[in-house]
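From a predicted model like this one, the values you see are computed outputs, not experimental measurements. Proteins get letters first, then strands, A, B, ... in listed order; numbering begins at 1 in each.
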Amino acid sequence: MPVETCVDPGAPAAGVATLRHTWPVREYDLAATLESGQVFRWTPEDGGWEGIVAGHWVRLTATPHTLTAETCVPQTDWNWLARWLRLGDDLGAIVATFPPDPPLQEAVSACRGLRLLRQDPWECLASFILSSTKRIPHIRRIVGTLCTRFGRPVPVPPGRAPGFAFPPPARLAGATEAELRACGMGFRAPYLRAAAQAVATGVLRLETLPELPLATARQRLMALPGVGRKIADCVLLFAAGFDAAFPVDVWVLRALRQLYFPRRRLPPRRLRAFTETHFGPYAGYAQQYLFHYMRVRLGRNARSDPAGPTGRSGGGPAAGTPAGFCPQVGQFSR
DNA sequence: GTCCAGGAGCCAT
DNA sequence: ATGGCTCATGGA
């Protein structure tokens, strides 16, 4: 679906550089999108959100029906940002492809307007290599330190903290493991360095991933040390255009066990088979709704495991599976 | 102190 | 194929 641009009534003619641009949007929850664990470099500021995209400082503000971007370097073309924001997505059409099961419908209702972004593949790969067994605030700090120490300074408006681009592969490939560890990333340092070297030397060509079949693209990523199924799927979904990729982390695993199979003990293999057949062509979008729903609505209550020795989960308002719901089990009973 | 985090690699069954 | 154990680090 083509991305609409320049429909702001007061927008200048094409070719004129501006510092601000407004798009009309429907159902775009900017805060939920930027806080849902896809990206790690955005901070709320003065009622908007500020971050760095493609080496540009960007401030985003939202109203119920518009999204406005500001930069501090005049832009003649805003399509790079529209693409990053995935403004061309028809969210209603995407949600319409979801299976009508109660858990997913509840998650969609609770997180209306949550979107996926289309990130730079290298930043995404590097960030998720740093994400393993880390909480999101800590990932944000490690990535921030990495950018401060290795990234190119970028122009920011007066009064703002200094901004830095995400460091390119060649820059990190040339860093020592000790320098990387000093950013707080621990045992992930050699993984990040190896990935930077693979991309910088052309052994791994991230720009070609979108042209490959999903399984092939996944194999290329998983060839890197420190990159397994989950991190590979994050890159495929968040940066390479594979909307069917379905990263399974501890939260999504919890969602699957508690919301879909509350009184069974399915091994991860069976659960993965379920995710590959149940959620449809936008499975990755569905995954993002389940992930965010588990985090913001259930929070701490989600940690008890109904299938484990602790018994029933705690009494959050939406903590229970709708009574009597049983997903189609025939398709994976073999 | 103990547990856990948007995991993955290694080794023993 | 599957189940433990370990790898840093910091916050609750």
Side-chain angles (χ1 to χ4, degrees), chain A residues 32-42 107 111 114-117 119 123-146 176-195 198 218-240 242 245-258 265-273 275 283-305 307-310 332 334:
Chain A
T33 299
L34 296 177
E35 285 183 306
S36 65
Q38 309 175 58
V39 287
F40 304 102
R41 303 199 62 201
W42 289 81
C111 309
L114 175 64
R115 303 287 191 128
L116 287 179
L117 301 166
Q119 305 176 39
E123 176 172 345
C124 185
L125 172 60
S127 297
F128 279 95
I129 284 174
L130 301 179
S131 76
S132 68
T133 53
K134 284 280 168 212
R135 293 171 202 264
I136 289 172
H138 194 195
I139 301 167
R140 296 169 53 85
R141 212 181 58 211
I142 296 170
V143 171
T145 303
L146 186 72
T176 67
E177 183 181 323
E179 288 174 324
L180 296 177
R181 279 185 184 262
C183 296
M185 65 184 73
F187 62 84
R188 303 158 194 83
Y191 296 153
L192 178 61
R193 196 168 124 85
R218 182 184 286 134
Q219 286 175 357
R220 298 281 167 86
L221 289 164
M222 290 178 65
L224 296 171
V227 178
R229 173 70 180 245
K230 189 269 174 182
I231 292 175
D233 281 347
C234 284
V235 176
L236 296 175
L237 177 64
F238 299 144
F242 290 95
F246 195 102
V248 177
D249 74 320
V250 291
W251 288 96
V252 174
L253 188 61
R254 239 174 246 148
L256 293 171
R257 288 201 201 281
Q258 295 183 15
R265 194 63 192 179
L266 293 186
R269 172 71 188 88
R270 304 286 291 275
L271 287 171
R272 215 186 59 195
T275 67
Y285 241 107
Q287 173 276 155
Q288 197 65 12
Y289 277 92
L290 293 174
F291 173 78
H292 198 242
Y293 177 64
M294 287 300 278
R295 292 188 66 234
V296 304
R297 298 304 298 271
L298 303 183
R300 213 164 253 289
N301 289 339
R303 290 208 180 91
S304 67
D305 185 350
T310 54
F332 52 90
R334 165 170 304 281

Using the 3.5 Å cut-off, write out each protein N or O paired with an N or O of nucleotides 3-6 of chain C and the distance between them.
none

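Between the CZ atom of A:Phe291 and the P atom of B:dG7 there is a distance of 9 Å, given to the nearest Å. Taking atom CG of A:Leu192 as the reference point, atom P of C:dC7 lies 21 Å away to the nearest angstrom. What separates CG of A:Leu130 from P of B:dA5 is a distance of 18 Å, to the nearest Å. Summarising the geometry, the separation between OH on A:Tyr191 and C1' on B:dG9 is reported as 6 Å, rounded to the nearest angstrom. Atom pair A:Leu253:CG and B:dG7:P shows a separation of 11 Å (rounding to whole Å applied). Rounding to whole angstrom units, CZ of residue A:Arg295 and P of B:dC4 are separated by 17 Å. Rounded to whole Å, atom P of B:dG9 lies 10 Å from atom CD1 of A:Ile129. Atom pair A:Lys134:NZ and B:dA5:P shows a separation of 13 Å (rounding to whole Å applied).
A distance of about 15 Å separates the P atoms of B:dT2 and C:dT6, rounded to the whole Å. Across B:dC4 and C:dG4, the matching P atoms stand 15 Å from one another, rounded to whole Å. Across the P atoms, C:dC5 and B:dC3 are found 13 Å apart, a figure rounded to whole Å.
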Please assess A:Leu221 against A:Ile231 for the test side-chain contact (heavy atoms from CB on, under 4.5 Å), listing each intermediate value before the final yes or no.
-> CA-CA 9 Å; A:Leu221 289 164; A:Ile231 292 175; over 6 Å; no
Stepwise side-chain contact (heavy atoms from CB on, under 4.5 Å) test for A:Leu192 and A:Leu146 | CA-CA 11 Å; A:Leu192 178 61; A:Leu146 186 72; 4.1 Å; yes
May I have the step-by-step check of side-chain contact (heavy atoms from CB on, under 4.5 Å) for A:Val296 and A:Glu35, ending in yes or no?
-> CA-CA 10 Å; A:Val296 304; A:Glu35 285 183 306; over 6 Å; no
Evaluate side-chain contact (heavy atoms from CB on, under 4.5 Å) for A:Cys183 paired with A:Arg188, printing each intermediate quantity in order.
-> CA-CA 11 Å; A:Cys183 296; A:Arg188 303 158 194 83; over 6 Å; no
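Comparing B:dA5, B:dG7, B:dG6 by their nearest atom to the side chain of A:Arg254 picks out B:dA5. Comparing C:dA8, B:dG6, C:dT2 by their nearest atom to the side chain of A:Phe187 picks out C:dA8.
In this structure, A:Ala283 and A:Thr275 approach most closely via the heavy-atom pair CB-O, 4.4 Å. Across A:Met222 and A:Arg229, no two heavy atoms sit closer than the pair CE-N, 3.6 Å.
Nucleotide C:dC5 forms a pair with B:dG9, judged by Watson-Crick or G-U wobble geometry with both contacts under 3.5 Å.
Looking at heavy-atom distances under 4.0 Å, A:Ser127 makes no contact with the nucleic acid at all. Residue A:Val252 is classed as a base contact, given a heavy-atom separation below 4.0 Å to a base. A:Phe238 comes within 4.0 angstrom of a nucleotide base, judged by non-hydrogen atoms across all strands. At the heavy-atom level, A:Thr133 lies under 4.0 Å from base atoms of the strands shown. Residue-level contact check: A:Gly37 touches the bases, meaning some heavy atom is under 4.0 Å from a base atom.
With A:Arg140 contributing its side chain and A:Arg135 its backbone, the two residues share no donor-acceptor pair below 3.5 Å.
For A:Arg188 and C:dC7, a side-chain-to-base donor-acceptor distance below 3.5 Å is absent, hydrogens and geometry of angles not being considered.
The nearest heavy atom of DNA chain B to A:Gln38 and to A:Pro225 marks one nucleotide each, and the one closer to the 5' end goes with A:Gln38. A residue-by-residue look at A:Val227 and A:His138 shows that A:His138 has its nearest nucleotide of DNA chain B further toward the 5' end.
Ring centers of A:Phe291 and A:Phe246: at least 6.0 Å apart, outside the cut-off.
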